[in-house]
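Everything on this sheet refers to the single structure shown next.
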Amino acid sequence: MPSDWHIGTIDDLAKEVVCGKTPSTKNAEYYGSDVPFITIPDMHAKIYAVTTERYLSSLGANSQAKKTLPKNSVCVSCIGTAGLVTLVAKESQTNQQINSIIPKEGFSPYFIYLLMQTLSDTINKLGQSGSTIVNLNKSQFGKIQVIIPSLSAMTNFDKIISPIFEKILQNQRENINLESLRDTLLPKLMSGELDVSDINL
């Protein structure tokens, strides 16, 4: 380890660690289409959580404004299916099964994302306390030991990696648009509603 790197904790990487919360489901006005609400199913095999199964209304998000995560916060599942890691694509909130790292100023979110991926098995094991359900609370999560590079190393890393992750995000969004277009056009093609017989290929 370089002499200007050091051993710290996840808390040392974070401006804040946010444990998510679910707004009251009894209030239908808290749910809508304004703010992505990230839950564990939204995290599987996804680098960015671009779309979510559920969304909050502005009213619902504002009811727990301190739970709002900025873009490139790092979400880590810590209850149930623990150790999943994803990045926030736009301002979002999560449920209580997820602890999220808002990186400190100058700390690379991409380094933190990749670091959390390497800790996936550790996070899962730390949450096992003899019960069948893994549960790693915010305090335990924040105390996990990690290697913290120098700010200069993270800055240089970020300059190299940032365009790659931005391209990944762009590709994910484009894939969603293409899937939507396919789902719209395919039934019309199958039913003959769209006539493509005159198209020369």
Side-chain angles (χ1 to χ4, degrees), residues 1-21 36 38-40 42-50 66-131 133-172:
M1 187 171 67
S3 59
D4 56 351
W5 294 28
H6 67 280
I7 301 293
T9 64
I10 287 176
D11 280 335
D12 295 326
L13 297 169
K15 177 181 177 182
E16 185 180 0
V17 173
V18 178
C19 180
K21 183 180 178 183
I38 301 169
T39 59
I40 285 178
D42 305 312
M43 299 176 69
H44 287 282
K46 292 175 183 174
I47 294 176
Y48 276 94
V50 178
K66 290 184 179 179
K67 301 297 183 181
T68 300
L69 304 169
K71 179 184 175 182
N72 282 334
S73 297
V74 182
C75 299
V76 183
S77 62
C78 291
I79 298 177
T81 308
L84 298 174
V85 187
T86 194
L87 284 160
V88 173
K90 59 182 287 190
E91 204 169 81
S92 305
Q93 292 191 11
T94 79
N95 72 355
Q96 58 277 6
Q97 292 180 286
I98 298 167
N99 287 314
S100 300
I101 303 165
I102 301 176
K104 279 183 178 175
E105 187 71 29
F107 281 44
S108 169
Y110 311 116
F111 168 77
I112 296 172
Y113 166 81
L114 294 168
L115 177 63
M116 291 302 104
Q117 288 226 314
T118 68
L119 291 173
S120 178
D121 288 342
T122 300
I123 289 167
N124 194 282
K125 287 174 184 175
L126 286 172
Q128 293 174 355
S129 56
S131 66
I133 298 175
V134 176
N135 188 341
L136 187 67
N137 66 37
K138 175 181 167 181
S139 176
Q140 294 168 324
F141 176 73
K143 290 175 182 174
I144 295 173
Q145 283 197 339
V146 293
I147 294 175
I148 302 178
S150 64
L151 279 177
S152 61
M154 273 198 278
T155 300
N156 291 333
F157 178 84
D158 202 76
K159 286 178 181 176
I160 296 168
I161 291 296
S162 179
I164 297 172
F165 274 84
E166 285 298 325
K167 185 64 176 176
I168 289 169
L169 177 55
Q170 180 185 335
N171 287 344
Q172 278 191 238

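For the numbers below, each heavy atom of this structure counts, side chains included, while hydrogens, waters and symmetry mates do not.
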- Residues two or more places apart in sequence or in another chain: which of them pass side-chain contact (heavy atoms from CB on, under 4.5 Å) with T81?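 Per chain and number, T81 pairs via side-chain contact (heavy atoms from CB on, under 4.5 Å) with I40, H44, L84.
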
- side-chain contact (heavy atoms from CB on, under 4.5 Å) with P103: which residues, sequence neighbours excluded?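 Per chain and number, P103 pairs via side-chain contact (heavy atoms from CB on, under 4.5 Å) with F107, P109, I112.
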
As an exercise, state the distance from [atom1] of [X] to [atom2] of [Y], rounded to the nearest 0.5 Å.
X	Y	atom1	atom2	result
I160	S108	CD1	OG	10.5 Å
I79	N137	CD1	CG	8.5 Å
Q117	L119	CD	CG	10.5 Å
K138	I10	NZ	CD1	13.0 Å
Y48	Q172	OH	CD	8.5 Å
L136	N124	CG	CG	9.5 Å

Measure the shortest side-chain to side-chain distance between [X] and [Y] over non-hydrogen atoms and say whether it is less than 4.5 angstrom.
X	Y	answer
I38	M43	yes
V88	C75	yes
C78	V76	yes

- Item | Of all pairs that satisfy ring-ring contact (aromatic ring centres under 6.0 Å, His included), the ones with a partner from residues 137-167, not counting sequence neighbours |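 Counting only pairs at least two positions apart or across chains, the ring-ring contact (aromatic ring centres under 6.0 Å, His included) contacts touching residues 137-167 are Y110-F165, Y113-F165.
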
- Message: Per the ring-ring contact (aromatic ring centres under 6.0 Å, His included) rule, what does the pair list look like for residues 72-98, sequence neighbours excluded?
- Response: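 Residue pairs with at least one partner in residues 72-98: there are none.
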
Could you report the tightest heavy-atom contact between [X] and [Y], atom names first, then the distance?
X	Y	result
D12	G8	OD2-CA, 3.4 Å
L69	S100	CD1-OG, 3.3 Å
Q96	C19	O-SG, 3.8 Å

- Task: If a pair satisfies salt bridge (charged side-chain N to carboxylate O under 4.0 Å, His left out) and one of its residues is in residues 158-172, list it, with sequence neighbours excluded.
- Result: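 Every pair satisfying salt bridge (charged side-chain N to carboxylate O under 4.0 Å, His left out) with a residue in residues 158-172: K71-E166.
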
For residues 142-153, which side-chain donor-acceptor pairs fall under 3.5 Å, sequence neighbours excluded?
unit_1: S150; atom_1: OG; unit_2: S152; atom_2: OG; d: 3.1
unit_1: S150; atom_1: OG; unit_2: A153; atom_2: N; d: 3.2

- Message: Strictly distance-based, threshold 3.5 Å: is any side-chain N or O of T118 a donor or acceptor partner for the main-chain N or O of L115?
- Response: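 Pair found, side chain donor or acceptor close to backbone of L115.
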
- Message: With a 3.5 Å distance limit and no angle check, can you tell me whether K21 reaches the backbone of N95 through a side-chain donor-acceptor pair?
- Response: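 Not at all, since once roles are kept as given, no pair shorter than 3.5 Å links the two residues.
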
- Item | V74: which of I102, T86, L87 passes side chain to side chain contact (heavy atoms under 4.5 Å, CB included) |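 Only one option passes, and that is L87.
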
